[in-house]
Amino acid sequence: MNQKSDYLALRARGLRLQGLDCDLLVAAYLLNSGIRTPSLEALASDILHRAIEGKEALLGSGKAAQSCTQVEVARVAAFYGDRMRIIMELAPRLLSDLERLQNAALFRDLEMPLLPVLAEMELAGVSIDIPYLQQVSRDLYEQLQRLDQEIADVAHGPINVNSPVQLARFLFEDLNLPGGRKTKSGYSTDATVLEALRDLHPVVGKILEYRQLSKLKGTYVDALPALVDLQTHRVHTSFNQTVAATGRLSSSDPNLQNIPIRTDYGQRVRRAFVPGRAGDLLLSADYSQIELRVMAHMTEDPLLLESFAQGEDIHARTAAEVFNVARDQVTPNQRRMAKVVNFGILYGLSDFGLARDIGMNPENARVFIETYFRKYGRVREFLEGIKMMAREQGYVETLLQRRRYIQDIRSPNRQLRGAAERVAVNMPIQGSAADIMKLAMIELDRYLREHELRTQMILTVHDELVFEMPVDERDRLVEVVPDLMASVYSLRVPLQVDLKIGQNWQDMERVRVVAAQA
DNA sequence: GACCTGTGC
DNA sequence: ACCTCGCACAGGTCG
C-alpha cells in the first residue's frame, strides 16, 4: 500500500525495509496519473466496486482525531484486515495492467527504486537558520507597517491590502482607476493588473510591494521555523510521488519546491537554508535547459540539435534566427522575446498569450510565432504529431513510456480542446525531464550508498538536486555528481549539469559545468 | 471550503 | 465574442 509511510514508520524504529516492490498507490498512479491522487478507498471503489472505510471512520478527523492506540484493538484489527484483503485482490490486477500498458519496467526499475530514496530524503530533512529568519521577519514587519500606514494615508483610513475586495473598492471606486480584467467576484487586483496601473498613482507601487513582502513573510519567513522538527531541528517535507499528472514529484508540508529566488527578499529567504553541521556545505546540481534539450531530442529539429551540440546560448540563437540577425548582433530585448517564445512553445503558446507576455499586439505575435515555425519546422511537425497521437489513442507519453490520458482532446468546444492540446504538448517534455531526474536520483543514491559516503541528498526541485556534504567529500562529488547526472540518459543532444557549492542555498559558487556526449 | 493571489520550475 | 501558457502548493480573506 503506501510503502513510503511504511518504510518511514519502520525506519523511525531503526529498521530499513528492503525489497519494496509493489506500492499500489504508485502502480495506480502510473496507470492513470490524471485523475486524482490515488487512495485505497478510491481503488477499492473504482476497480473492485467495493466500499471500504477510510481512516477517518476508524480514528475520526480534524481535532477529534485519535491515534490508533486509543481505539479498541478488535476495531483496528478489523479495519486493517479489510484493507489487507483489498490490497491482496488489487495487487495482481494492477500489476497485470502495468504489463499490458508496457509500464512494468517504469514501475519496477524507476518508480519503486525511487521510493526509498524519497523516504530517506524526507527523513534527512533540511536545516534552517531560525535566528536569521527571525531577524528577516522583524525587518519585514517594519516594512509592512510602514507600507500599510502609507496606503492608509492615501485611503483616508485603514484598508486590508490582503483583501482583494477591499483593495478593488479602494482602487477602482475611491481612486477611480480604470478597472481591467474581472474575476468571478469582481475586478481582478493581481500583479499584472496592478503593474498596468503603476504609473497612474504612486500608491499602486506600494501595494505591489506590500503584497510581495506579505507573501514572503506569511508563506516562508514565519511559516518555516514553525515547521522545524523538535527532535531533529530540521524541516522534513513530504515528496509526493503520485500527485503531478506529468510524472514530476511534488513537495508539501512544507512545499520546498517554491522557495523564492527572484527578488532581493526572496534571496534572503533562500539564505536561511544551510547545512546542519558546522563546516559542511550545500552542493547544488541542476540540469541546464533540460526541457528544451528534451524538445530538441524529440523533434530532431536540425537547428535545435546544432545549437545544443555547439553549446550555444539557445535563446540568443533563437533570436538570431527569428529576427534574422547575426548571433553577435542580438539585442538583450530580442533575446528576452526569443526566450519567452522558447518556453512558450513548451506550453503550447497562443499568439494571445505571447502578445500578453512580451507586450506586442496579437497580430505581431502571430507573425513572430509563424517566423519561429518557419525556422524550426520540425518543432511544428512534432507538436502536430503529439496532438494527433493524443486524438487517435487518447494519451501521450514520455521517453520512458509514462502515460497521460488526455481528456477533451476531441471536444467540439474550442476552448476545452485548446486546453487539452496544450496539456498534450507539455506532458511528454515536462514528464521526460522528470523521468531523467528520477533516474539520476536513483543512481546518485546508489553511488553514495555503495561508497559509504556521508553526503546526503536532501532536496529535488524539478531540475535541481541539493546535497548536504562534508567538506572532505567535496572533491569526489564535484567529479561524480555532474558526470553521473549528465550521462544517466542519452539524448540526441548533450545533457548539461551546472554544479554549485556554498554555505547556504543562495550564496553559491559555480564550480563546474559538465556536458555529456550526445 | 471557495476564491484569489503568488511563489517555484 | 470568445480566447489569454504547462505543472505544482500554500496563505489570506470571506461567508
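Not measured: the values here are computed from a predicted model. Numbered from 1 within each chain, the chains take letters A, B, ... in sequence-line order.
- Within the nucleic acid shown, A/Val425 has no heavy atom closer than 4.0 Å to any nucleic acid atom.
- Note on A/Arg317 versus A/Glu321: salt bridge recorded, some NZ/NE/NH1/NH2 to OD/OE distance being below 4.0 Å.
- Partners of A/Tyr132 according to the ring pair (Phe, Tyr, Trp, His ring centres under 6.0 Å) rule, which considers only residues two or more places apart in sequence or in another chain, do not exist here.
- Of the candidate nucleotides C/dC7, C/dC14, B/dC9, C/dC14 has the atom lying nearest to any side-chain atom of A/Gln166.
- Ring centroids of A/Phe382 and A/His297 are separated by 6.0 Å or more, keeping the two rings apart.
- Checking C/dT13, C/dC7, B/dC9 against every side-chain atom of A/Asn162, the shortest atom distance belongs to C/dT13.
- Across all strands shown, A/Ala434 has no heavy atoms under 4.0 Å from either base or sugar-phosphate atoms.
- Among the atoms of the strands shown, none is found under 4.0 Å from any heavy atom of A/Leu346.
- Across residues 139-149 of chain A, not one residue has a non-hydrogen atom less than 4.0 Å from an atom of DNA chain C.
- Listed pair A/Asn160 / C/dT13 meets the phosphate criterion, a side-chain N or O lying under 4.0 Å from OP1 or OP2.
- Checking A/Phe352 against A/Gln430, the closest nucleotide of DNA chain C that is more toward the 5' end is the one next to A/Phe352.
- Here A/Arg404 reaches the OP1 or OP2 of C/dC7: one of its side-chain N or O atoms lies under 4.0 Å away.
- Contacts of residues 204-229 of chain A with DNA chain C (heavy atom under 4.0 Å): A/Lys215, A/Gly218, A/Thr219.
- As judged by a 4.0 angstrom heavy-atom cut-off over every strand, A/Gly353 is placed among residues touching the sugar-phosphate backbone only.
- When the side-chain nitrogen and oxygen atoms of A/Thr246 are compared with OP1 and OP2 of C/dG6, none of them lie within a distance under 4.0 Å.
- The side chain of A/Arg422 lies closest to C/dT4 when the candidates are B/dT7, C/dT4, C/dC7.
- Using a 4.5 Å heavy-atom threshold, the side chains of A/Trp505 and A/Leu459 count as touching.
- Of the candidate nucleotides C/dT13, B/dG8, C/dC9, B/dG8 has the atom lying nearest to any side-chain atom of A/Arg248.
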